[in-house]
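A short write-up of the structure that comes next.
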Amino acid sequence: MRKIILTFLMFFGLTGAVFAQTDLQVLAVAKYDGSESITVKQLKNYCEIKAKQIGRKLTVDEKKQVLEALIQEKLILQAAGKAGIAIPASAIDDYFIQNMSLQVGAQVTEKELNDMIVKSKGITLDQLLYNQTGMNVADYKSYLKNQLIMQQYIVQQKKDDIQKVTVSDAEVRNFYEGKKTQFVQTDMLKLFIVIVPKGTNPDAAKNKCNDLLNKYKTKKMTSDQIVAQSKTDSTPYQAGEMLVPKTESSAVGLGMEYNNLLWLFDQSEGYVSDLNETSTDYRFIVIIKKYKAKMLGLNDEAQPESKVTVYDYIKQVLLQQKQMEFVQQAGDEIVKSLFKPENYQYKKTGADLDKLLNW
C-alpha cells in the first residue's frame, strides 16, 4: 500500500512540474527596444481576464488573437520607454482613486472605498474588481499604467494633428437637442463639513470637533479659518466644502444612511448640525446653500458654481470624443508601423503553438 501511495505522490509531483515547465515556455518575443518574452503563463493570465469579461472560455484562435495583441502592446510600451515616457506609481494611484470616486459620487481614499464596499456588498474592493474585470486592484493599476503610457506615447507622436481637431457650434446644439432630457440638475446641497478622526484618542477627537463646532457657531472662526487651520493643526482633521446630490451613493460617500441625507435636504440654508459620531470619527455639517432640481439650458452652469456652461461642457465632451477617436485611429497606425517581423518573433507556431494553447 505504501508503495502505491508513493507512486501516486511521485506521479502528481511530476505532473505539477510538467505544468510549471509548460507555463514557463516562451511563445513570442517583442524586440523593438530590448527583448521581452511572452510566456504561456503570461498569456493565460490575459486570457483569463478576457474570459471573465466575456463570460466564456476562449477558443484557440481567440487565444492567438490575444497573443498578437499582447505582442503589439509590448511593442508600443517599448517604443514609449525609448521615447522617455514614464508614469510614477503615485500618479496611477491618484488616477485610480479619482475614477473610483466619480463612480461613488464622493471623494474617497482607497481605504474608505474598500470599507464602503465591505459594508454595502460584504466583499473587498479586490474581490469586487476581480468579479467585474478579472483583475484585482494591483493588476488593474498595472493595466491602467500601461494604457496611460501607450496613450501618452500616441499623443506625443500625433500631438500636432490632435490639436487640429475641432467641434462646431452646430455639433454642440445638435447634441444638446438630441439629449436635452438628460441635462437635468438634481437637488443638491453645498455643505461645509468638518471631520476629526478618532485615531488612538477618541476623547481628544471629540473635544477637538466640539471646540471647532462651538467656535463656528459663535463666529469666533469662519469656515475659511477652520480649513486653513486643518492644514497645520496638531490634531489632524479634515474640513472643506462640497456639492452633494440627492443620491444613495452620496450618502454612502458621506458615511451616513440615505434617510439621514434626505432629512438633511429638508433643512434650511444655514443649518448647523450637532456633533455627530461615526465608528471612525466625530463631525459636524453646515448647509451653505441649496439648489433645486431643474432642466438645464445651454447657457446654464453644468454644475452649480462651476462657471462652466452646458454649452462649454458639451463642446468639451465632444472634443474629447473626437480626439479619442483620432487617438484610436492613430494608435492603429502606430501599431501597424511597429508590428513588423524585425520587431517580434514567434517561438512557437503551427501545431506546436496550438498544443500549448489547448488549456
Side-chain angles (χ1 to χ4, degrees), residues 23-24 26-54 58 62-103 110 113 125-159 161-162 320-321 323-340 342-347 357:
D23 282 351
L24 292 174
V26 176
L27 296 173
V29 176
K31 50 182 182 176
Y32 174 80
D33 184 43
S35 180
E36 285 187 84
S37 298
I38 300 172
T39 64
V40 173
K41 179 61 177 175
Q42 289 173 312
L43 182 63
K44 278 184 178 180
N45 291 339
Y46 274 73
C47 288
E48 285 172 6
I49 292 170
K50 185 67 176 177
K52 185 77 175 177
Q53 292 170 350
I54 65 176
L58 272 63
E62 287 172 332
K63 291 171 186 174
K64 289 179 181 178
Q65 293 172 13
V66 174
L67 176 58
E68 182 175 298
L70 189 51
I71 296 171
Q72 293 171 348
E73 177 180 299
K74 287 190 177 295
L75 289 174
I76 295 181
L77 290 173
Q78 287 179 357
K82 189 174 182 178
I85 294 175
I87 300 178
S90 59
I92 300 301
D93 290 340
D94 291 342
Y95 183 77
F96 171 77
I97 202 60
Q98 284 170 9
N99 278 274
M100 292 299 171
S101 293
L102 286 174
Q103 292 185 37
E110 192 170 320
L113 179 61
L125 174 59
D126 249 350
Q127 292 168 322
L128 179 66
L129 265 182
Y130 182 78
N131 292 343
Q132 293 178 344
T133 67
M135 294 177 276
N136 60 24
V137 172
D139 291 336
Y140 190 68
K141 286 182 179 180
S142 178
Y143 163 79
L144 285 178
K145 181 177 182 179
N146 288 343
Q147 294 300 308
L148 289 173
I149 288 174
M150 291 189 289
Q151 188 179 92
Q152 284 192 19
Y153 175 69
I154 295 167
V155 169
Q156 181 194 77
Q157 299 300 303
K158 301 288 185 177
K159 62 181 179 181
D161 293 326
I162 292 172
Q320 288 176 352
Q321 287 179 354
Q323 288 176 336
M324 288 305 296
E325 289 171 3
F326 180 86
V327 168
Q328 181 63 53
Q329 293 172 359
D332 292 341
E333 293 175 7
I334 289 174
V335 166
K336 187 175 180 181
S337 70
L338 292 172
F339 196 62
K340 296 178 179 178
E342 61 265 30
N343 292 334
Y344 71 93
Q345 179 185 7
Y346 280 99
K347 292 294 187 178
L357 299 185

Show your working on side chain to side chain contact (heavy atoms under 4.5 Å, CB included) between Tyr344 and Leu338 and close with a plain yes or no. CA-CA 9 Å; Tyr344 71 93; Leu338 292 172; over 6 Å; no
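- Between Lys158 and Phe326, the shortest heavy-atom distance links the atoms CB-CE2, 4.0 Å.
- The main-chain N or O of Asn136 is never found under 3.5 Å from a side-chain atom of Asp126 such that the two would form a donor-acceptor pair.
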Given the rule in the side chain to side chain contact (heavy atoms under 4.5 Å, CB included) test, do Lys145 and Leu148 qualify, once you have shown the distances and angles that lead to the verdict? CA-CA 5 Å; Lys145 181 177 182 179; Leu148 289 173; 6.0 Å; no
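- Tyr140 and Phe96 have perpendicular rings, their planes meeting at more than 60° on a 0 to 90° scale where under 30° would count as parallel.
- No side-chain heavy atom of Leu24 sits less than 4.5 Å from a side-chain heavy atom of Thr39.
- Residue Gln72 comes nearest to Val335 through the heavy atom pair CD-CG1, 3.5 Å, listed as atom of the first residue, atom of the second, then distance.
- To the nearest 0.5 Å, atoms CD1 (Ile85) and CE (Met150) are separated by 11.5 Å.
- Residues Glu36 and Val29 form no side-chain contact, since every pair of their non-hydrogen atoms from C-beta on lies 4.5 Å or further apart.
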Walk me through it: do Gln152 and Ile149 pass the test side chain to side chain contact (heavy atoms under 4.5 Å, CB included)? CA-CA 5 Å; Gln152 284 192 19; Ile149 288 174; 5.9 Å; no
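- Minimum heavy-atom separation, Val26 to Lys347: O-CB, 3.3 Å.
- If you take CG on Leu129 and CG on Leu125, they are separated by 5.0 Å, rounding to the nearest 0.5 Å.
- Contact check for Tyr32 versus Ile76: no side-chain heavy atoms found under the 4.5 Å cut-off.
- A distance of 11.5 Å separates CG of Leu75 from NZ of Lys340, quoted to the nearest 0.5 Å.
- Taking a cutoff of 4.0 Å between a charged side-chain nitrogen and a carboxylate oxygen, Lys141 and Glu110 qualify as a salt bridge.
- Smallest separation of non-hydrogen atoms from Met135 and Tyr143: SD-CB, 3.8 Å.
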Derivation and outcome, side chain to side chain contact (heavy atoms under 4.5 Å, CB included), residues Tyr95 and Gln147: CA-CA 12 Å; Tyr95 183 77; Gln147 294 300 308; over 6 Å; no
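- To the nearest 0.5 Å, atom CG of residue Leu77 and atom NZ of residue Lys82 are 15.0 Å apart.
- Under the 4.5 Å side-chain criterion, counting only non-hydrogen atoms from C-beta, Gln132 is not in contact with Gln127.
- Salt-bridge formation is not detected for the pair Glu342/Lys31: no Lys NZ or Arg NE/NH1/NH2 atom is positioned less than 4.0 Å from an Asp or Glu carboxylate oxygen.
- Atom CG of Asn45 sits about 10.0 Å away from atom CG of Leu70, to the nearest 0.5 Å.
- Considering all non-hydrogen atoms of both residues, Lys74 and Ala30 come closest at CB-CB, 3.9 Å.
- Interatomic distance, CD of Gln42 versus SG of Cys47, reported as 12.0 Å (0.5 Å rounding).
- When all heavy atoms are compared, the tightest approach of Lys52 to Thr133 is CG-C, 4.3 Å.
- A donor-acceptor pair under 3.5 Å is formed between the side chain of Ser101 and the backbone N or O of Ile97.
- Evaluated for a side chain to side chain contact (heavy atoms under 4.5 Å, CB included) with Leu357, the options Val40, Leu27, Val66 yield exactly one hit, Leu27.
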